Amino acid sequence: MNTTLNLILAAKPCGQELGSTTGWQKLLAGLDKTGPDDEPLSLIRILDINGLDDAIWAVRATPGHERPARLLAVDCAREVQYLMTDPRSVAALDVTERYANGLATEAELAAAWAAAWAAAWAARATAEAAAWAARATAEAAARAAAREKQRAHFIRIFGDNND
C-alpha cells in the first residue's frame, strides 16, 4: 500500500521541527528529500526508514487503509488471544475480522465492541478487587508480624518480673 508525503503531512506527524531526528524529519532524511510531494511512498519503505511505530502511524495517511488496519489489529490481538479469558473478547476479534472481510454488519461490529468493553471493564473490576484483597492480606500479615515482634520485645523487657 502506498501513501504520499503530502498525505502524511496532512495527518500532522511528529518531528516536523527543524533539526528533529524523529518522525517527519527522519522520514525526509531517509528519503533524501527536503519537503512533501505526491510521489507514491510504500508503507514498507516507511517501516524500513522509521520503524514499526511510525509505519503503523502512517497507515492513517494511506487511502483505503481501513480493512488492512483492522486485519493488522486482529492479527496482533490473536498473538495474545490465549490471555483472553472472557469469550466476549475472542468473539469481538472474530466479528472484527468478519467485518473487515465484508461478512459482518456495522451493527454486529458495534455490539461486539460493546461486549468486549464490558468484558474488559469486568476484568478490570475483578483485577482491582483482587489487588485490594491482596493488599489487605499483606497489610494484615505485616501487622501480625509487627505485633509478634512487639510481643517479643514486651516479654523481653517486662518478662523478668516474678509477679
Side-chain angles (χ1 to χ4, degrees), residues 1-17 20-31 33 35-144:
M1 290 190 78
N2 292 325
T3 187
T4 68
L5 290 173
N6 274 324
L7 289 172
I8 291 172
L9 188 59
K12 300 184 172 135
C14 67
Q16 292 184 54
E17 54 281 349
S20 174
T21 58
T22 63
W24 176 252
Q25 292 298 328
K26 181 178 181 179
L27 182 59
L28 288 179
L31 295 169
K33 295 189 177 191
D37 59 32
D38 287 317
E39 182 180 329
L41 174 60
S42 78
L43 292 173
I44 300 302
R45 183 89 167 106
I46 296 169
L47 173 67
D48 291 342
I49 294 169
N50 280 43
L52 185 59
D53 289 344
D54 283 359
I56 290 172
W57 182 91
V59 167
R60 74 185 69 208
T62 304
H65 73 275
E66 292 82 7
R67 179 177 183 271
R70 284 186 198 280
L71 292 174
L72 175 64
V74 169
D75 281 354
C76 292
R78 294 252 190 241
E79 290 291 324
V80 295
Q81 181 176 330
Y82 67 94
L83 297 172
M84 297 177 191
T85 58
D86 192 305
R88 294 174 291 183
S89 300
V90 177
L93 291 179
D94 296 338
V95 172
T96 301
E97 188 169 24
R98 287 187 16 249
Y99 180 82
N101 290 317
L103 303 173
T105 66
E106 284 188 25
E108 290 172 303
L109 183 65
W113 183 86
W117 270 109
W121 280 107
R124 179 180 181 194
T126 300
E128 285 178 354
W132 280 109
R135 179 180 178 188
T137 301
E139 286 176 351
R143 269 193 307 280

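Quick caveat, the model's predicted, so the values are computed rather than measured.
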- Task: Report the C-alpha distance between Ile46 and Leu27 in whole Å, list the side-chain angles of each, state the deciding distance to 0.1 Å, and finish with yes or no for side chain to side chain contact (heavy atoms under 4.5 Å, CB included).
- Result: CA-CA 7 Å; Ile46 296 169; Leu27 182 59; 4.1 Å; yes

Can you measure from [atom1] ([X]) to [atom2] ([Y]) and round to the nearest 0.5 angstrom?
{"X": "Lys26", "Y": "Leu28", "atom1": "NZ", "atom2": "CG", "answer": "13.0 Å"}
{"X": "Cys14", "Y": "Gln25", "atom1": "SG", "atom2": "CD", "answer": "10.5 Å"}
{"X": "Arg88", "Y": "Leu93", "atom1": "CZ", "atom2": "CG", "answer": "14.0 Å"}
{"X": "Glu66", "Y": "Arg60", "atom1": "CD", "atom2": "CZ", "answer": "12.5 Å"}
{"X": "Leu71", "Y": "Arg78", "atom1": "CG", "atom2": "CZ", "answer": "10.5 Å"}
{"X": "Leu72", "Y": "Leu43", "atom1": "CG", "atom2": "CG", "answer": "10.5 Å"}

Any side-chain heavy-atom pair of [X] and [Y] under 4.5 Å:
{"X": "Leu5", "Y": "Glu39", "answer": "no"}
{"X": "Leu109", "Y": "Arg70", "answer": "yes"}
{"X": "Trp24", "Y": "Glu17", "answer": "no"}
{"X": "Met1", "Y": "Ile44", "answer": "no"}

- Result of checking Glu106, Arg67, Glu108 against Tyr99 for side-chain contact (heavy atoms from CB on, under 4.5 Å):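 Exactly one option meets the side-chain contact (heavy atoms from CB on, under 4.5 Å) with Tyr99, and it is Glu106.
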
Could you pull out all donor-acceptor pairs under 3.5 Å where a side-chain atom in residues 114-125 meets a protein atom, sequence neighbours excluded?
unit_1, atom_1, unit_2, atom_2, d
Arg124, NE, Glu128, OE2, 3.0
Arg124, NH2, Glu128, OE2, 3.4

- Considering non-hydrogen atoms only, spot the tightest contact between Leu7 and Thr3 and give its length. CB-OG1, 3.5 Å

- Message: Quick one, Leu52 with Leu47, criterion side chain to side chain contact (heavy atoms under 4.5 Å, CB included). Give me CA distance, side-chain angles, the key distance, then yes/no.
- Response: CA-CA 5 Å; Leu52 185 59; Leu47 173 67; 4.0 Å; yes

- Query: Which pairs, with at least one residue in residues 41-53 and sequence neighbours excluded, count as a side-chain hydrogen bond (donor to acceptor under 3.5 Å, both in side chains)?
  - Reply: Asn50-Asp54

- Query: Can you tell me if Thr62 uses its side chain to pair, donor with acceptor, with the backbone of Ala58 under 3.5 Å?
  - Reply: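 Here the side-chain-to-backbone pair exists.
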
